[in-house]
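See structure below.
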Amino acid sequence: MPELPEVEVVRAGLEAHVAHRTISKVEVLHPRAIRRHVLGAEDFTGRLAGVRIDAARRRGKYLWLELDSAEAVLAHLGMSGQMLVQPEGAPDEKHLRVRVRFDDEGPELRFVDQRTFGGLALDELAEVDGARLPSAIAHIARDPMDPAFDLGAAVRALRSRRTEVKRALLDQTLVSGVGNIYADEALWRAKLHWARPTDKLVAARAEAVLAAAAEVMAEALVAGGTSFDALYVNVNGESGYFDRSLDAYGQEGLPCRRCGSAIRREPFMNRSSYSCPRCQPRPRTSSR
DNA sequence: CCTGACACCTGAGCGC
DNA sequence: TGCGCTCAGGTGTCAG
C-alpha cells in the first residue's frame, strides 16, 4: 500500500494488534521478502523467536516494529505489500511471504506481497538527527506528519534541487511519504504543473505545494487512505475511501472541480501524471 | 556530488 | 480463448 496515509493506517493497526506481544515463531515463505536482511532467513527467524514487540513506528512510507531486543523489524510495503492480522488457521493468502506467530496463540501477523517489491529486515536502531531510526533508513527525510518536521528546511531542500517539482516531491530524501497520488493532488491544489523547475519556484510556491501535500495526506488519513482495489487495505483487510475525494489522480477526462476543464494524463517516469490543463499550465521552457 | 534511466516482480484489463 | 501489450500507491543501483 503505498503512500504515507496508507502506511500510517497499517502502523496504527500494528500498534493496536501486535504491540506488547511476544513472538513465538516466524516463517519466511519467500526469500525475496527478506532480501534486505543480509544474514538470511535463518538468522531472521532465529533472532525474532522469543522477542517482544514494544511499539509500531513509521517514517514516510517505512514502518518498523521496535523490539525489546533493542533492534527493529523494518518493513516497506513496496507497491503491493500488506500487513494482515489473521486468526491462526485461516487459509494462507496466495502471496503470503512471512508469517509471525505469537506466544499468546492470538491472531498471527502476515506479510502478504503480490509483486515482492516490499520486504522485511531486522535492523539496528541508531540516533539520526535527534530521532531513533533503523539504520537502513537514516537517509529518509522527516515526513510532514512528524512533529519535528521543518517546513522551512523542506522548502530550502526542494528549491536547492535542479529538477522538476514532481520529481522533487517524490524524492524521499527531501520530504518523505509523498508518492504518485498525493504528489498529483498536492500539485493540483497548489496549481503547479509537475514539470515546473524547482530552482525557479519562489519560496512561497514551494511552501504552498509542500503544505498542500501535508494537508491532502492528513485528509486522506482521516478517510482511512486511498484504495482502488483489494490490494490496499488495513490490517483487517478493509479499504479506505479517500479515492472519492481525489481531484486529479486517476481523473483523466473528468471535469476539474475548480474550472471544469477535462483533467489530462501525461506520461511521467514510466507511469502517469494527472493535472488540470487550465489550472496547471505547462511551463513555457519545458520540453514536454 | 547530483540527476535520471532502469531493473526488480505479478496480475488485471484491453485490443486483436 | 488466448496472446501480447500496457499499466499499476516504490525504490535501490548505476552510468553519465
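Note: hydrogens, waters and symmetry copies are ignored here, and every other heavy atom, side chains too, is used. Residue numbering restarts at 1 for every chain, and letters A, B, ... go by the order of the sequence lines. Note that the coordinates shown come from a computational prediction; the quantities given were computed from them, not determined experimentally.
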Q) Given dG9(C), dT11(C), dT3(B), which nucleotide is nearest the side-chain atoms of Tyr62(A)? A) dT11(C)

Q) Between dT3(B) and Arg167(A), is there an OP1 or OP2 to side-chain N/O distance shorter than 4.0 Å? A) no

Q: Indicate whether OP1 or OP2 belonging to dT11(C) is found under 4.0 Å from a side-chain N or O atom of Lys61(A).
A: yes

Q: Choose from dT3(B), dT11(C), dG9(C) the nucleotide whose nearest atom is closest to any side-chain atom of His76(A).
A: dT11(C)

Q) Side-chain heavy atoms under 4.5 angstrom apart, residues restricted to Ile, Leu, Val, Met, Phe, Trp, Tyr: same cluster for Leu39(A) and Ile34(A)? A) no

Q) Looking at Phe102(A), is Arg21(A) sitting on its ring face, NZ or CZ under 6.0 Å from the six-membered ring centre and within 45 degrees of the normal? A) yes

Q) For the pair made of CG in Asp171(A) and P in dA5(B), what is the distance, rounded to whole Å? A) 15 Å

Q. Between dG11(B) and dT11(C), how far is it from one P atom to the other, in whole Å?
A. 22 Å

Q. Toward the 5' end of DNA chain B, which comes first, Asn270(A) or Arg161(A), by nearest nucleotide?
A. Arg161(A)

**Q.** Nucleotide dG4(B), atom P - distance to CG of Leu174(A) in whole Å
**A.** 12 Å

(Q) Cation-pi check for Trp188(A) against Arg258(A): NZ or CZ below 6.0 Å from the six-membered ring centre and within 45 degrees of the axis, yes or no? (A) yes

Q) Just checking, any donor-acceptor pair under 3.5 angstrom between side chains of Arg265(A) and Ser272(A)? A) yes

Q. Using a cut-off of less than 4.0 Å, is there contact between a side-chain N or O of Ser272(A) and OP1 or OP2 of dA8(C)?
A. yes

Q | Arg265(A), nearest nucleotide to its side chain (from dT3(B), dT11(C), dA8(C)) | A | dA8(C)

Q: Using atom CE of Met269(A) as one end and atom C1' of dC7(C) as the other, report the distance to the nearest whole Å.
A: 16 Å

Q. Any luck finding a side-chain donor-acceptor pair between Gln280(A) and Trp194(A) under 3.5 Å?
A. no

Q: Grab the NE2-P distance between His37(A) and dG12(C) for me, whole Å please.
A: 18 Å

(Q) I'd like to check, for Phe117(A), whether its ring lies over the base of dT11(C) with centroids under 5.5 Å apart and a plane angle smaller than 30°. (A) no

Q: For Tyr232(A) and dG9(C), give me the distance from atom OH to atom C1', rounded to whole Å.
A: 5 Å

Q.
Just to be sure I understand the rule, does Tyr182(A) reach a base, reach only the sugar-phosphate, or reach nothing, if contact means heavy atoms closer than 4.0 Å?
A. nothing

Q) Nucleotide by nucleotide, 5' to 3', does protein get under 4.0 Å of the base (B), only the sugar-phosphate (S), or neither (-) in nucleotides 10-15 of chain B, counting heavy atoms? A) BS----

Q. Where does dG13(B) land, syn or anti, once you apply the within-90°-of-0 test for syn?
A. anti

Q. In terms of side-chain heavy atoms, does Gln114(A) have a donor or acceptor partner in Gln82(A) at a distance below 3.5 Å?
A. no

Q.
Applying a 4.0 Å non-hydrogen cut-off, can you work out what Ser227(A) is touching in the nucleic acid: base, sugar-phosphate, or nothing?
A. base

Q: Figure out the CD1/C1' separation between Ile140(A) and dG12(C), and round it to whole Å.
A: 10 Å

Q) Where the side chain of Arg32(A) is defined as all heavy atoms beyond and including C-beta, which of dG12(C), dC8(B), dG9(C) is the nearest nucleotide? A) dC8(B)

Q | Euclidean distance for P, dC3(C) against dC9(B) (whole angstrom) | A | 23 Å

(Q) Under 4.5 Å between side-chain heavy atoms, counting indirect links through other Ile/Leu/Val/Met/Phe/Trp/Tyr residues: same cluster for Leu151(A) and Val209(A) or not? (A) yes

Q) Charged N to carboxylate O below 4.0 Å: is that the case for Asp103(A) and Lys25(A)? A) no

Q. Without hydrogens or angle criteria, can the side chains of Thr226(A) and Tyr182(A) be said to hold a donor-acceptor pair below 3.5 Å?
A. yes

Q: Mind checking Arg35(A) for me? I need base, sugar-phosphate or nothing, with any heavy atom below 4.0 Å counting as a touch.
A: nothing

Q) Leu170(A) CG to dT11(C) P: how many Å, rounded? A) 9 Å

Q. Below 4.0 angstrom from OP1 or OP2 of dA8(C), is there any side-chain N or O of Ser80(A)?
A. no

Q.
Can you confirm whether the side chains of Ser275(A) and Arg264(A) place a donor and an acceptor under 3.5 Å from each other?
A. yes

(Q) When you measure only distances, ignoring hydrogens and angles, does the side chain of Arg271(A) come within 3.5 Å of the base of dG9(C) through a donor and an acceptor? (A) no

Q) Name the stems that DNA chain B belongs to, where each is three or more consecutive Watson-Crick or G-U pairs with both distances under 3.5 Å? A) B:2-8 with C:10-16, B:10-16 with C:2-8

Q | Rounded distance in Å - CG (Asp113(A)) to P (dG10(C)) | A | 13 Å

Q: Indicate whether any N or O donor in one side chain lies under 3.5 Å from an N or O acceptor in the other, for Lys61(A) and Ser176(A).
A: no

